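Worksheet: one structure, shown below.
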Amino acid sequence: MNQTDYYTRKQVADLLGIAKVTVYHYAKQNKIRKVPDPHHAMREARYYKEEVDALVEQRKAEKVEGYSTSEVSKELGISQQKIYQLIEDNELMVHKVPYGDERIRYVIPEETLLWIKEEIERTAPTRGVRSEFYDSALDITLYQLFTSTQRGETRVVRNADREWGFYSSSHTWIPYTLAIKQFKFTPVYAIHRPSLKASGYTDFILPKDNELSYVFLDFMYRKRGIENIRLREHEEHIALSIKSGPLQVKDSVPAALTVTAIQSFLEGGAGDVLFEEDEWIFVSGYRKTSVDLPVSMLDTLHKLAKQEQTTTNELVEQALQEFIQRRYNY
């Protein structure tokens with residue numbers, strides 16, 4: 001047989017964009033035929049070219065426009081499991097495309113993506129979750145201050161593709177791993193502190209166009225650590241929540257962080273800060289209450305909170321807020 005009449009298993013896999021083991025299953029399912037080799041003269045399996053080409057053309061004809069669940073997951077910063085749940089629970093319109101060994105994958109149209117995005121924003125917890133502002137693999141957090149002898153000081157951010165890195169003074173994007181390797185960027189301070197057993201959070205609104213916002217954020221990263229902070233990025237401000245309770249600040253407060261500056265960050269937030277001589281006391285903007293619920297409902301709430309990467313209290317608060325707004329337009 002002429003070599004132009006067949007493809008090797010690797011060639012088939014590359015043409016169809018599948019794993020080599022899936023090629024084997026395709027042959028078992030008679031989607032393509034394996035070239036007979038009764039005398040074991042061929043070093044690897046081969047498949048009839050015309051049948052593989054026909055399957056490639058069929059795949060091209062079946063190709064639909066849209067986004068994969070992994071692309072949506074990366075863009076919105078949520079798990080693929082959450083995307084599947086939204087699709088199934090709300091019977092959203094998606095394209096189901098055959099994939100691999102009797103499997104299917106979802107291709108999400110533009111209008112469905114917009115619906116998911118709006119739903120995620122509508123149901124987002126009041127405070128940020130850890131995955132929004134902290135990368136455990138890289139051990140870095142949003143707007144953390146870094147320095148380099150070659151480039152000076154800059155802050156770690158995420159770009160439109162949700163990749164971690166830095167913007168240079170000329171607004172050139174520098175991926176995080178490249179910045180560390182090539183420009184020797186290092187963190188200015190540690191971001192970890194022991195976790196506090198606090199009864200609530202004090203919520204601040206940090207305008208992005210105010211340089212003091214980042215001075216305050218640096219100070220809180222140093223003193224409270226990410227274990228005791230929640231952060232959510234918005235278009236024009238950063239929503240920062242800090243576990244309530246006392247904070248020792250003797251001889252460590254930047255001169256620019258005046259009482260007036262810090263109190264201005266509480267506008268639009270919740271709670272208060274009491275300023276003592278060597279101590280700040282963060283006061284929660286929430287009052288603790290108790291509600292009796294069936295055990296089965298509590299179990300469900302715990303599972304949902306874990307799935308949503310939030311706390312049971314915040315999940316209940318969010319549900320109550322939505323109910324009051326819908327029922328009473330309040």
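Nothing here was measured: the structure is a model prediction, and the numbers come from that model.
Closest approach of F204 and L266 over heavy atoms only: CE2-CD2, 3.4 Å. Of all the heavy atoms in R9 and K20, the pair that sits closest is CD-O, 3.5 Å. Between D203 and S241, the shortest heavy-atom contact is OD1-OG, 2.6 Å. Between D139 and Q144 the shortest heavy-atom distance is O-OE1, 4.3 Å. The minimum heavy-atom distance linking P109 with V107 is given by the pair CD-O, 3.4 Å.
In this structure, K31 contributes its side chain and H25 its backbone to no donor-acceptor pair below 3.5 Å. Side-chain N or O atoms of R224 include one that pairs as donor or acceptor with a backbone N or O of K243 at under 3.5 Å. With hydrogens and angles disregarded, no donor-acceptor distance shorter than 3.5 Å links the side chain of S213 to the backbone of D209. Panel note: side chain D161, backbone E163; no donor-acceptor pair is recorded below 3.5 Å. In this structure, T112 contributes its side chain and M93 its backbone to a donor-acceptor pair below 3.5 Å. Under a 3.5 Å cut-off, the side chain of E279 and the backbone N or O of P246 do not form any donor-acceptor pair. Between the side chain of T8 and the backbone N or O of Q11, at least one donor-acceptor pair lies under 3.5 Å. Side-chain atoms of Y143 do not come within 3.5 Å of backbone N or O of D218 as any donor-acceptor pair. A side-chain donor-acceptor contact under 3.5 Å links S244 to the backbone of G200.
Linking ILVMFWY side-chain heavy atoms closer than 4.5 Å, directly or via other members, places I140 and W173 in a single hydrophobic cluster. Linking Ile, Leu, Val, Met, Phe, Trp and Tyr whenever their side-chain heavy atoms come within less than 4.5 Å puts F133 and F216 in one cluster. Grouping the Ile, Leu, Val, Met, Phe, Trp and Tyr side chains by contacts below 4.5 angstrom, directly or via other members, places I242 with V259. Hydrophobic clustering, with ILVMFWY side chains joined whenever heavy atoms are under 4.5 angstrom apart, groups I238 together with V273. In the hydrophobic cluster analysis, where Ile, Leu, Val, Met, Phe, Trp and Tyr join through side-chain heavy atoms closer than 4.5 angstrom, V12 is grouped apart from V21.
Scored by the ring-ring contact (aromatic ring centres under 6.0 Å, His included) test, F275 finds W280 as partners (sequence neighbours excluded).
For the pair Y26 and L55, the minimum side-chain heavy-atom distance is below 4.5 Å. Side-chain contact between L142 and E132 is absent, with no heavy atoms from C-beta onward closer than 4.5 Å. Side-chain contact between R193 and N228 is present, with at least one heavy-atom pair separated by less than 4.5 Å. Contact of the K96 side chain with the Y106 side chain is registered, since non-hydrogen atoms from C-beta on lie closer than 4.5 Å. Annotation: side chain of I32 is not in contact with side chain of Y48 (no heavy-atom distance under 4.5 Å). Contact of the Y6 side chain with the V52 side chain is not registered, since no non-hydrogen atoms from C-beta on lie closer than 4.5 Å. Residues T202 and D272 fail the side-chain proximity criterion, which asks for heavy atoms closer than 4.5 Å. In this structure the side chain of Y189 reaches within 4.5 angstrom of the side chain of L145, judged on heavy atoms.
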Test side-chain contact (heavy atoms from CB on, under 4.5 Å) applied to I174 and Q182, step by step: CA-CA 10 Å; I174 309 174; Q182 183 172 337; over 6 Å; no
Residue pair L76, K82: steps toward the side-chain contact (heavy atoms from CB on, under 4.5 Å) verdict: CA-CA 11 Å; L76 301 183; K82 175 67 175 177; over 6 Å; no
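Remark: K34 NZ is loosely packed, at most 12 non-hydrogen atoms of other residues, nucleotides or ligands lying under 6.0 Å away. Other residues, nucleotides and ligands contribute only 12 or fewer heavy atoms inside 6.0 Å of the CD atom of Q81.
With K208 as reference, E233 is the one residue of E233, H234, E236 to meet the side-chain hydrogen bond (donor to acceptor under 3.5 Å, both in side chains) rule.
The closest side-chain donor-acceptor pair between S170 and T172 falls under 3.5 angstrom. Looking only at atom types and distance, the side chain of Q80 has a donor-acceptor partner in the side chain of T69 under 3.5 Å away.
Taking the six-membered ring where the residue is Trp, F185 and F166 present parallel rings, their angle staying beneath 30° rather than reaching 60°.
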